[in-house]
Amino acid sequence: MNKSYELVVVANRLPVDEVVDDKGKRSWARSPGGLVSALQPIVRRQGGAWVGWTGQPGEAPEPFDTDGMHLHPVGLSEDDVDRYYEGQSNATIWPLFHDAVEQPTHRRPWRQAYEAVNRRFAEAAAALAAPDATVWVHDYQLMLVPAMLRELRPDLKIGFFLHIPFPPVELFMQLPRRAELLRGLLGADLVGFQRPLAAQNFLQLTARLLALEPDEDRVEVDGRTVIARAFPISIDVAEVQDLANDPEVQAEARRLRTELGGGDRRLLLGVDRLDYTKGIEQRLEAYGELLAEGVVSNDDVVLVQVATPSRMRVLEYQQLRARVEREVGRINGEFGAVGQVPVHYLFQSMGRADLVALYLAADVMVVTPLRDGMNLVAKEYVAARHDDRGTLVLSEFAGAAAELETAFQVNPHDVEDLKRGLVDALEADEAEQAKRMQPMRMQVHDNDIDKWARDFLDALAGDPEHGETPGAR
Ligand code: GDG
């Protein structure tokens, strides 16, 4: 008989990528991205299973064990990738759930593929879970899985966590087959969100769309109780701190500072997946205007923008890349000098150590998404700054803004406000930097990823600290 698991995580991606070395040898390496940074340590510790896609189209490789985890690949054909992943997930749901900052596209074949792939994930999880096991389903690609799984395995405790914002009722109502999607989520015992407002949006929707009667943080459906609550996600603080304390990483941070400006130029840093929700264009616009107005100059500031390649087969992402690169070229052409430019743009994925070296080198970390579920980069920056130096410019529209209250908060839709935030952050003296950094460091330190996962899993298990047993009749 096949082995079964007490904890099964179900997410679009497995926590590894296949890498091929110079000699053609294949192996698995941890993949970048918020969800993976968040979950891998927990599954590893519990010796659980993880159901997900490898990131490559084609037949799924055989299940395998790595790093104390059982990984169960789900296969996606080229068509599935086009329709379920790039289509329904990333060109319909993603923009709609981020305030429609890009126009969502609606296509019937995408919805059909989404349903078929969700069923495949649900079936894989149903086959792996031990009797009465806990299954934790993640994110917007798999919103139908909880209901499908409940039908297959009514014995399971099912949790769902949404990593991105949940839209207001009016926006959600635009989705074709909206009730089906909502019923998919209601298959869970516990539905977790980044912010309390998202949980409220969800509960209101159950009243509007299904005529249910939500009460505080719960709603009765088919004789079960579904709880909806906020669990703001965090980071593996120890991982970031270990890197920040590593003498080699610190030496790299010093080298970067010398190389970028002889120690005199102040370093602004942006680190984002290249995504239209991250506000990279607005950030460049504000920076360009500050240079044009002479408020800052190429001699006293430099911006390093890391833009990690993401979803590059989706048209909107290709167009965004072209616009961002044109703007970087324009700013450097207009305000740069031979051997010294105001923007260093890196369209590449970096190693964790290099990323932390950049955090340590930066005077101003610029995190200005138009809308973001949480934003882990902001928390990583804070965790890295054991010297209490550096400032954080943070969008009000990132979930992290609720916790990192002493950041320089800005409205990224308002270029003037963005400029004000950048200038204030650049002008903050050491005492002010420390005064703002210390409470943020305490916040992140006391609420790291372990606590987030424990809180969620305890609430799902019905720990009295976290309210009544979800799912109790
Ligand atoms: C989604 C939600 C939510 C980035 N570039 C590189 C790299 N990264 C790492 C960062 C950070 C993660 O990826 C990005 O996480 P974010 O939270 O900033 O953003 P999303 O990818 O959009 O994540 C978001 C998150 O899920 C978790 O719930 O916070 O709101 O949108 O850890 O450090 N890592 C490496 N190289 C890079 O170039 N190694």
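Whatever order the structure lists them in is the order used to number ligands and atoms, beginning at 1.
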- Task: Would you kindly check if the NZ (Lys) or CZ (Arg) of R436 is within the cone defined by 45 degrees around the ring axis of F408 and under 6.0 Å from the six-membered ring centre?
- Result: yes
- For E380, the ligand 1 atoms whose distance to one of its heavy atoms is below 4.0 Å: 10 (C), 11 (C), 32 (O), 33 (O)
- Query: Any N or O of F161 that comes nearer than 3.5 Å to an N or O of ligand 1?
  - Reply: no
- Message: Quick one: does any side-chain atom of R44 pair with a main-chain N or O of G68 as donor and acceptor, under 3.5 Å?
- Response: no
- Note on the structure: With sequence neighbours left out, the residues meeting side-chain hydrogen bond (donor to acceptor under 3.5 Å, both in side chains) with Y345 are E325
- Message: Has D217 got a side-chain atom pairing as donor or acceptor with R229's backbone, closer than 3.5 angstrom?
- Response: no
- Message: Can you confirm, on distance only, whether ligand 1 has an N/O atom lying under 3.5 Å from any N/O atom belonging to T308?
- Response: yes
- Contact partition for M374 relative to ligand 1, non-hydrogen atoms under 4.0 Å: both
- Would you check if the side chain of T277 reaches a backbone N or O of L370 as a donor-acceptor pair within less than 3.5 Å? no
- Query: Is the shortest N/O to N/O distance between W94 and ligand 1 below 3.5 Å?
  - Reply: no
- Query: For ligand 1, which part of L376 has a heavy atom less than 4.0 Å away: the side chain, the backbone, both, or neither?
  - Reply: both
- Using a heavy-atom cut-off of under 4.0 Å, does the side chain or the backbone of V377 touch ligand 1, or both, or neither? both
- Message: Taking K25's backbone N and O only, do any of them form a donor-acceptor pair with D21's side chain (distance below 3.5 Å, no angle check)?
- Response: yes
- Region of W452 that comes within reach of ligand 1 [heavy atoms, distance under 4.0 Å]: neither
- What part of F347 sits under 4.0 Å from ligand 1 if we count only heavy atoms: the side chain, the backbone, both or neither? neither
- Item | Contact check: L355 vs ligand 1, nitrogen or oxygen atoms, below 3.5 angstrom | no
